[in-house]
J.: 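Below are the structure tokens for one structure; questions will follow.
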Amino acid sequence: MPELPEVETQVRDLKKEIKGLTIKDIIPIYKKVLKKPKNFKLFKNSILNKKVLDIERLGKNILIHAGDKVILIHQKIAGHILYSKWIKKGNNYISEDKIIKKDPKNRFLIYLFVFNNGKMLGLCDPRKFSKIELWSRKDIKKIKEIKKLGEDPFSKNFTFNYFYGKIKNKNKSIKSVLLDQSIVLGIGNIYSDEILWQAKVHPTKKAKELSLNEIKEIFKAIKQVLREGIKKRGESFSDWRDIFGKKGNYDKYKKVFKREGLSCKRCKSAILKTKISGRTSRFCSNCQKYD
DNA sequence: GTTTGTACCTGTCCGC
DNA sequence: TGCGGACAGGTACAAA
């Protein structure tokens with residue numbers, strides 16, 4: 001769900017809303033989301049009364065800089081974060097915000113950060129795959145999980161030569177390559193399908209078999225599609241909502257994702273679906289030819 | 001070293 | 001209406 005455009009939307013909004021606030025309490029509704037440190041008391045003591053200095057996106061991760069620490073949140077498949085105020089009623093937390101309260105997708109709160117203005121940041125995730133980690137600010141960029149990440153598509157280091165060099169010898173499908181976070185950051189199953197449709201490349205084609213022109217088209221499409229996603233404030237065909245509980249607008253613009261059986265918006269041919277290394281992929285049977 | 005498969009969880013949807 | 005099974009946007013780790 002939350003891929004680059006969705007996480008970018010969240011981070012931009014969070015900068016406006018929580019920068020400068022102080023963390024006053026943490027409520028762990030589902031304790032297992034905290035992966036580091038595993039000990040909740042240690043986690044809480046490390047960030048209590050710390051001021052939020054900045055919020056940053058690193059691929060699909062959200063980094064909240066608080067004092068000398070960084071809280072890393074990854075929402076995985078089905079998570080999203082909300083900014084509101086919740087009141088506990090029995091075993092449930094009820095948001096005082098009407099939009100958040102009436103949307104059933106916002107029911108699955110698993111973690112709450114309480115700020116000095118009384119408002120809270122809530123992590124919501126029906127599948128409980130999300131993770132929260134705590135790192136020190138000075139070595140977050142040095143840890144191996146972060147060091148192995150590739151370039152962000154909007155970084156100046158993401159050049160055609162970088163991209164070409166990373167993929168030219170890959171013996172796996174271009175679909176899997178686009179999902180590989182050690183090559184390009186932030187692309188998930190939705191936008192990879194959209195990018196390949198835009199570039200007119202068959203998803204199962206092996207990266208090393210792509211022509212130079214096809215690689216150029218993919219490189220261009222990565223930026224175009226993701227930029228459009230950000231402009232539309234992400235997609236919400238399923239669980240994802242922005243931090244105010246509102247839906248993104250990209251759904252109307254998507255060309256192939258979850259459109260199998262419908263007609264291609266470019267050539268009217270059928271959109272098909274197939275499985276590639278365990279991930280479902282949708283593509284046009286006519287304009288995305290293998291050769 | 002590279003690529004593919006599986007586990008992590010639970011809600012939702014479809015067919016019977 | 002109710003139930004069982006398939007399926008779901010990501011990633012770490014194991015296995016091939």
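So that the names make sense, note that chain A is the first sequence line, chain B the second, and so on, each numbered from 1.
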J.: Map Ser173(A) and Pro104(A) onto DNA chain B by nearest heavy atom, then report which one ends up closer to the 5' terminus.
T.: Ser173(A)
J.: Please report the distance, rounded to the nearest Å, between NZ in Lys208(A) and C1' in dT2(B).
T.: 11 Å
J.: So what does Glu235(A) hit on the nucleic acid, given a heavy-atom distance under 4.0 Å: a base, only sugar-phosphate, or nothing?
T.: base
J.: Give a yes/no on whether any side-chain N or O of Thr280(A) is located under 4.0 angstrom from OP1 or OP2 of dC7(C).
T.: no
J.: Between Lys144(A) and Gly278(A), name the one whose nearest nucleotide on DNA chain C is closer to the 5' end.
T.: Gly278(A)
J.: Would a distance-only check, ignoring hydrogens and angles, find a side-chain to backbone donor-acceptor pair under 3.5 Å from Asp193(A) to Phe257(A)?
T.: no
J.: Heavy atoms only, 4.0 Å cut-off, all strands: where does Arg241(A) land among base, sugar-phosphate and nothing?
T.: nothing
J.: Over 60° means perpendicular and under 30° means parallel, so tell me whether Phe40(A) and Tyr111(A) are parallel, tilted or perpendicular.
T.: perpendicular
J.: Considering only atom P, compute the distance from dG4(C) to dC8(B) and round it to an integer number of Å.
T.: 22 Å
J.: Using the side-chain heavy atoms of Tyr30(A), tell me which of these nucleotides is nearest: dC9(B), dT4(B), dT11(C).
T.: dC9(B)
J.: With a 4.0 Å limit, can you tell me whether Arg107(A) has a side-chain N or O closer than that to the phosphate oxygens OP1/OP2 of dT10(B)?
T.: no
J.: Within 45 degrees of the axis of the six-membered ring of Phe237(A) and under 6.0 Å from its centre: does Lys258(A) put its NZ or CZ there?
T.: no
J.: Quick one: Ile77(A) CD1 to dT6(B) P, roughly how many Å, whole number?
T.: 16 Å
J.: In Watson-Crick or G-U wobble terms, both distances under 3.5 Å, what is the partner of dC13(C)?
T.: dG5(B)
J.: Taking only N and O in the side chain of Lys128(A), is any of them less than 4.0 Å away from OP1 or OP2 of dG11(B)?
T.: no
J.: Can you figure out which of dT11(C), dT12(B), dA8(C) approaches the side chain of Lys105(A) most closely?
T.: dT12(B)
J.: What is the distance from CZ of Phe108(A) to C1' of dC9(B), rounded to the nearest Å?
T.: 12 Å
J.: Categorize Lys35(A) for me: base, sugar-phosphate, or nothing, with a 4.0 angstrom heavy-atom threshold over every strand shown.
T.: nothing
J.: Would you say Phe129(A) stacks on dC8(B), if stacking means ring centres under 5.5 Å apart and planes within less than 30 degrees?
T.: yes
J.: Which one, dT3(B), dA12(C), dT4(B), comes nearest to the side chain of Asn171(A)?
T.: dT3(B)
J.: Between dT3(B) and Lys175(A), is there an OP1 or OP2 to side-chain N/O distance shorter than 4.0 Å?
T.: no
J.: State which of dT11(C), dG11(B), dA8(C) makes the closest approach to the side chain of Arg127(A).
T.: dA8(C)
J.: Roughly how many Å apart are dA6(C) and dA7(B), using the P atom of each and rounding to a whole number?
T.: 15 Å
J.: Which nucleotide sits closest to the side chain of Lys172(A): dT4(B), dG11(B), dT11(C)?
T.: dT4(B)
J.: Could you check how far CG of Asn189(A) sits from C1' of dT11(C), rounded to whole Å?
T.: 13 Å
J.: Over how many whole Å does the gap from Phe237(A) atom CZ to dT12(B) atom P extend?
T.: 14 Å
J.: Looking at Lys223(A), I want to see if its NZ is surrounded by more than 12 non-hydrogen atoms of other residues, nucleotides or ligands under 6.0 Å.
T.: yes
J.: Give me the distance, rounded to whole Å, that separates dG1(B) from dT11(C) when you measure between the P atoms they each carry.
T.: 23 Å
J.: May I have the distance from Asp239(A) (atom CG) to dC7(C) (atom P), rounded to whole angstrom?
T.: 18 Å
J.: Check whether any side-chain N or O of Arg259(A) sits under 3.5 Å from a backbone N or O of Ser263(A) as a donor-acceptor pair, and report yes or no.
T.: yes
J.: How close or far is atom P of dC9(B) from atom CG of Leu123(A), stated in whole angstroms?
T.: 15 Å
J.: Given 3.5 Å as the limit, does a donor-acceptor pair link the side chain of Lys205(A) with the main chain of Tyr290(A), or not?
T.: yes
J.: Taking only side-chain nitrogens and oxygens of Lys76(A), does any of them come within less than 4.0 Å of OP1 or OP2 of dT11(C)?
T.: no
J.: Quick one: label Asp125(A) by what it contacts on the DNA or RNA (base, sugar-phosphate, nothing), any heavy atom closer than 4.0 Å.
T.: nothing
J.: For dT2(B), take OP1 and OP2 only and decide whether either is under 4.0 Å from a side-chain N or O of Lys170(A).
T.: no
J.: Applying a 4.0 Å non-hydrogen cut-off, can you work out what Lys32(A) is touching in the nucleic acid: base, sugar-phosphate, or nothing?
T.: sugar-phosphate
J.: Quick one: which of dA8(C), dG11(B), dT4(B) gets closest to the side chain of Lys273(A)?
T.: dA8(C)
J.: To the nearest Å, give me how far apart CD1 (Ile132(A)) and P (dT11(C)) are.
T.: 16 Å
J.: Between Phe160(A) and Phe219(A), what is the ring plane arrangement, given parallel below 30°, perpendicular above 60°, and tilted in between?
T.: perpendicular
